[in-house]
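Beneath this line is the structure, given in structure tokens, with notes to follow.
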Amino acid sequence: MSALKPDLRAALRASFGDDMEAFEHALAQPAPVSIRLNPFKPSDVRGEQVPWCANGHYLAERPVFTLDPRLHAGAYYVQEASSMIMEPVFNATGFVGRDITALDVCAAPGGKSTHLRSLLSDGSLLVCNEIDPKRASILCENIWKWGHPNIVVCNNAPERFSQLQSFFDMVVIDAPCSGEGLMRKDPYAIEQWSPSLVRECTVRQGRILEAVWPSVGPGGYVVYSTCTYEACENEEQVERMMTMLGAEHVEVTGTEEHGIVRGKNGIGLRCLPHLVKGEGQFMALLRKPGMRNNGRSFRKVSSPVVLNTELHRMLRSANDLDFHQRRDLVHASHSTHAHAIEELIQAVDPIAPGIPIAELNGRHVKPHPALALSTLLDRSAVPSIEVDRDDALRYLRGEALRATQVSGLALVVFDELALGWAKGAGNRWNNHWPDPWRIRMR
Ligand code: SAM
């Protein structure tokens, strides 16, 4: 870790008081490495369990993740352990096993979204939004690799969601912040820090909180989190929501035994690197007063797009799916969400209204890379090419694979995990792994 600037040291001393020495000692230790397994995909990666997350595991050392094909197949997500407190916070909402509509409004690169998708009931709909277009593409990549169908991705400013009055049962705001909690992992967090950054972040967070509040239904929840220690970006934001908007603070219990502490005035949870095996994280749960009206009406509407039979055959439970076209891509999601997705299309123009399953080029229909990675794919409907690690890496680098007398479309599979499409061309399999997702490392 780089040396702390005097004004940063003073700010941290104000946050930590007598614990400053213990905190600085923790910062001098190596950052723990952790991953979260994907419950929708097979995986044999195991390590010491993160105590507050069923699928979270610490690794004894940091592997070269880029060279592990299982990462590219979405078998796990590399995530800092403290961020995984999303799990006890979600459990405190009472939405476990219930179909809800949720929004993650600051979602890229997708850590909290992929976690939330694993925690939500299968029939729930998750809308992931990211304001920055480049980061929104990375969000799409990670969401599609995770493989669950009921996800919509948007690329909007949070203000855009205010018109969807009472649309969501739950909104997650993992707000842009001054990043003090990342100092051990990321030297840039120290470099970029300044008192004016803290002030700018505080104003921005206030705007985001106010912008999304109308989209939360009565009895719905807001999860507010940052990775900084500044009270003005954490507890004071929550207190402002309570006085200005009438939000109720909900206490999350059962995490004390893991060293997670309460924030100032008993608000929210704080993970501190000298008390837990993880980085700095703040998370609070707020409730909008009122009674929840038993969720939205999941009524089926007829699909606006009709699929060709070849593609239809490749989908599991195709009759329960609904399809939406945006530009030249066809997206799928469960029919129960068709009505909600129509509303989202009208109000916020999602960049992906479901999981893209096909690309249309005139009369030609090409399966989309996201379909190969999705649980929607019926693997028995397409031939597979089982590859070893070397060939998997060749494929992920965008190279053609050697073959004899091959033709047609096939699925490249490593260690039971689908990676992507290849097209037979005699003595080679042509590579259909998307160019932006290619491994550039040698
Ligand atoms: N939730 C993500 C995860 O777990 O992977 C991390 C989100 S990061 C802490 C905050 C995100 O907010 C960034 O992706 C950033 O681009 C976005 N952001 C920046 N300014 C914003 C604004 N004014 N409104 C909404 N989002 C913003």
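In listed order, ligands and their atoms are each counted from 1. Numbering starts at 1 and runs along the sequence shown.
Between Gly110 and ligand 1, at least one N/O pair is under 3.5 Å apart. Backbone and side-chain nitrogen or oxygen atoms of Ala108 are examined, and one is located within less than 3.5 angstrom of a nitrogen or oxygen of ligand 1. For ligand 1, one of its N or O atoms has an N or O atom of Lys112 under 3.5 Å away. Checked against a 3.5 angstrom limit, the closest N/O atoms of Asp132 and ligand 1 fall outside it.
The part of Arg135 lying near ligand 1 is the side chain, judged by heavy-atom distances below 4.0 Å. For Ala107, every heavy-atom contact with ligand 1 shorter than 4.0 Å involves the backbone, none the side chain. With a 4.0 Å cut-off on non-hydrogen atoms, Ile131 touches ligand 1 through its side chain and not its backbone. The side chain of Glu130, and not its backbone, has at least one atom closer than 4.0 Å to an atom of ligand 1 (non-hydrogen atoms only; side chain from C-beta on).
Partners of Arg62 under the salt bridge (Lys or Arg N to Asp or Glu O under 4.0 Å) rule, at least two apart in sequence or in another chain, do not exist in this structure. Taking Glu141 as the reference, Lys145 meet the salt bridge (Lys or Arg N to Asp or Glu O under 4.0 Å) condition, with sequence neighbours excluded.
Counting only heavy atoms of the protein, atom 9 (C) of ligand 1 lies nearest to Asp174 O, 3.6 Å. Looking at atom 12 (O) of ligand 1, its nearest protein heavy atom turns out to be Cys106 CB, 3.5 Å.
In this structure, the ring of His368 has its center less than 6.0 angstrom from the ring center of Trp144. Not less than 6.0 angstrom separates the ring centroid of Phe168 from the ring centroid of Tyr221. Residues Phe16 and His274 place their aromatic rings such that the two centres sit under 6.0 Å apart.
Closest non-hydrogen pair, Leu321 versus Arg316, comes out as CD1-O, 3.9 Å.
When Gly111, Pro158, Pro133, Ala157 are checked for heavy-atom proximity to atom 25 (C) of ligand 1, Pro158 turns out nearest.
Ligand 1 places these atoms under 4.0 Å from at least one heavy atom of Ile208: 22 (C), 24 (N), 25 (C).
A cation-pi geometry, defined here as NZ or CZ lying under 6.0 Å from the six-membered ring centre and within 45° of its normal, holds between Lys277 and Tyr58.
Electrostatic pairing of Glu80 and Lys185 does not count as a salt bridge here, judged by no charged N lying under 4.0 Å from a carboxylate O.
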